[in-house]
Amino acid sequence: MPNGRETAESLNTMDDVSSENAPAAGDAAEVLVLVDDYVLPGGWTNPAEAPARARQCCEQLEDGQLLCFDRLPYLLFKDDQEFLLSQRQSDSRLHKNISYRPSRDVLGGAAGGLREKARLHEIMRKYSEDVTRFLKELLAPYAREMALDYASFRPEEEAGRDLPAHKRNDLLHCDSFPTRPMNGHRILRCFTNINPAAPRIWNTTDGFSVLAEKHAMAAGLARFAAKGSAPSHPLVRTVKRALGLKAVNASAYDRFMLRFHDYLKDNNDFQKNCPKIRLEFPPGSTWICFTDSVPHAVMSGQYALEQTVIIPLTSLVTPEKAPIRVLERLAGAPLSRTS
């Protein structure tokens, strides 16, 4: 079994980046779990324990922990990594990162010429395939219903990035997608630091249930719950179609989570004074977490790969811990018609 203390010593340290007086959010060993019995090639070192270990990993993720690997647990060729280090994203403000959409096999946000973009496209396609295969084996209870979402390459240095407040990565937040409603399903993300020399630094804080207890009502949860999850007005959908925009029917859960994302980023007292844990991910390390329930802020780092997958509520091993269930208990009302 992985040792939490060893994880804390090797992968993170405690720090109060935003405030000298901010208290620690707890022992970092409670947040990070080092998985050292799943290696490439071969997968689980003890195949007989694979089903139990896969389920345990799912339980740990759903409990708000991060699974960490100090070596690449999936295939990524060294020459491809070196090529990625030479790439930059476009200057367009439309693109926060270089993105890859597997469902359409489309690359976006990359600078460079046609030949460079073609190779980058091929690398991102293969990365997405390989990391998804790894996730399905590591997290077997999720494999059947796991839905593939975007992948990204993040070549920019995060410290000091000039971004609008609600797009800033260095402010603590929980993820929510404006254009892709979850209806209570979960956002699972796998990150890899391919920087050969520098760590990627995160901050985290109290888990989602604690944050929701403290801040959900102030962020308007009761109002969103009372409004319910009715489809958008037909006129709104007609206008959006006429403008070539996608008509998104967001549930009360999705609308609240978007609001909660912005509320936390806009709350200066929370950002400055909430308890913090500093997480340091060394070069070559990989980590996985549910970013809709693990509050996170990227304080520094350059050159990270990321793959997002969506996990339906029906695949969860402890669905009662999902953010939608936490919020529904607080609101005393359902927040989605489909969950």
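Since we're looking at a predicted model, the values are computed, not measured.
Between L335 and F256 there is no side-chain heavy-atom pair separated by less than 4.5 Å. Side-chain contact between R200 and R154 is present, with heavy atoms from C-beta onward closer than 4.5 Å. Two residues are said to be in side-chain contact when any heavy atoms from C-beta on lie closer than 4.5 Å; C190 and T286 meet this criterion. Looking at C174 and P295, their side chains come closer than 4.5 Å, going by heavy atoms from C-beta outward. Considering only heavy atoms from C-beta on, F69 comes within 4.5 Å of F134 through its side chain. For the pair L138 and I288, the minimum side-chain heavy-atom distance is below 4.5 Å. Here the side chains of L75 and F77 are in contact, with some heavy-atom distance below 4.5 Å. The shortest distance between side-chain heavy atoms of I187 and T308 falls below 4.5 Å.
When the side chains of ILVMFWY residues are joined at heavy-atom separations under 4.5 Å, either directly or via intervening members, F83 and L72 end up in a single hydrophobic cluster. The hydrophobic clustering, which links ILVMFWY residues whose side-chain heavy atoms are closer than 4.5 Å, places V317 and L139 apart. If you chain together hydrophobic residues whose side chains sit under 4.5 Å apart, I98 and L148 fall into the same group. Under the 4.5 Å side-chain contact rule for hydrophobic residues, V298 and L171 do not share a cluster. Side-chain heavy atoms closer than 4.5 Å link hydrophobic residues (I, L, V, M, F, W, Y) into clusters, and following such links, even through other members, never connects L258 to L211.
The closest donor-acceptor contact from the side chain of R278 to the backbone of I201 lies at 3.5 Å or more, if one exists at all. Panel note: side chain K167, backbone K96; no donor-acceptor pair is recorded below 3.5 Å. In terms of modelled atom types and a separation under 3.5 Å, the side chain of K276 and the main chain of Q271 share a donor-acceptor contact. Without hydrogens or angle criteria, K265 side chain to H166 main chain gives a donor-acceptor distance under 3.5 Å. Side-chain N or O atoms of Q60 include none that pairs as donor or acceptor with a backbone N or O of L67 at under 3.5 Å. S128 places no side-chain N or O within 3.5 Å of a backbone atom of R125 that could act as its donor or acceptor partner.
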Begin with the C-alpha distance, continue with both residues' side-chain angles, and end with the deciding distance and a verdict on side-chain contact (heavy atoms from CB on, under 4.5 Å) for F208 and F290.
-> CA-CA 10 Å; F208 186 85; F290 279 114; over 6 Å; no
When you look at V309 and K136, which way does the side-chain contact (heavy atoms from CB on, under 4.5 Å) test go after all the steps?
-> CA-CA 10 Å; V309 295; K136 287 185 174 181; over 6 Å; no
Do L305 and L76 pass the side-chain contact (heavy atoms from CB on, under 4.5 Å) test, and can you show the C-alpha distance, the side-chain angles, and the key distance before you say yes or no?
-> CA-CA 11 Å; L305 284 166; L76 182 64; 3.7 Å; yes
For L66 and F191, what are the C-alpha separation, side-chain angles and deciding distance, and is it a side-chain contact (heavy atoms from CB on, under 4.5 Å)?
-> CA-CA 11 Å; L66 294 83; F191 302 86; over 6 Å; no
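Within the model, atoms CG of L188 and CD of E62 stand 9.5 Å from one another, a figure rounded to the nearest 0.5 Å. The CG atom of N169 lies 7.0 Å from the CG atom of N97; values are rounded to the nearest 0.5 Å. Taking CG of D254 as the reference point, atom OG1 of T179 lies at 10.5 Å (rounded to 0.5 Å). Here M182 contributes atom CE and M257 contributes atom CE; the two are 10.5 Å apart, rounded to the nearest 0.5 Å. For the atom pair CD of Q65 and CD of E59, the computed distance is 10.5 Å after rounding to the nearest 0.5 Å. Taking CG of L135 as the reference point, atom SG of C57 lies at 11.0 Å (rounded to 0.5 Å).
The minimum heavy-atom distance linking N183 with Y253 is given by the pair C-CD2, 4.2 Å. For the residue pair L120 and L84, the shortest heavy atom distance occurs at CD1-CD2, 3.4 Å. The shortest heavy-atom contact between V326 and A212 is CG1-CB, 4.1 Å. Taking all atoms of both residues into account, the shortest heavy-atom contact from A198 to N193 is O-ND2, 3.0 Å. Across all non-hydrogen atoms, the minimal contact from G43 to E137 is CA-OE2, 3.9 Å. Counting all heavy atoms, side chain and backbone alike, A48 lies closest to P51 at O-CD, 3.9 Å.
The cationic atom of R180 (NZ for Lys, CZ for Arg) lies less than 6.0 Å from the six-membered ring centre of Y150 and within 45° of the ring axis.
The ring-ring contact (aromatic ring centres under 6.0 Å, His included) test applied to H261 returns H173, not counting sequence neighbours. In this view, Y127 and Y74 satisfy the ring-ring contact (aromatic ring centres under 6.0 Å, His included) rule, not counting sequence neighbours. Judged as a ring-ring contact (aromatic ring centres under 6.0 Å, His included), and not counting sequence neighbours, F153 has no contacts. H121 pairs by the ring-ring contact (aromatic ring centres under 6.0 Å, His included) definition with Y100, not counting sequence neighbours.
Looking at D130 and R133, a side-chain N of the basic residue comes within less than 4.0 Å of a carboxylate O on the acidic one, giving a salt bridge. Under 4.0 Å is where a charged nitrogen must lie from a carboxylate oxygen, and between R119 and E122 no such pair does. Using a cut-off of 4.0 Å between Lys/Arg side-chain N and Asp/Glu carboxylate O, R161 and E158 are scored as salt-bridged. With respect to the salt-bridge test (charged N to carboxylate O, under 4.0 angstrom), the residues D175 and R189 qualify.
Counting non-hydrogen atoms of other residues, nucleotides and ligands closer than 6.0 Å to CZ of R329 gives a total above 12.
Every pair passing ring-ring contact (aromatic ring centres under 6.0 Å, His included) that includes a residue from residues 42-62 is listed here, sequence neighbours excluded: Y38-W44.
Looking at R186 and S315, their side chains never bring a donor and an acceptor atom within 3.5 Å of each other.
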Identify each donor-acceptor pair in which a side-chain atom of residues 213-223 lies under 3.5 Å from a protein atom, sequence neighbours left out, and give them as a table.
{"from": "K214", "atom 1": "NZ", "to": "D206", "atom 2": "OD2", "distance (Å)": "3.3"}

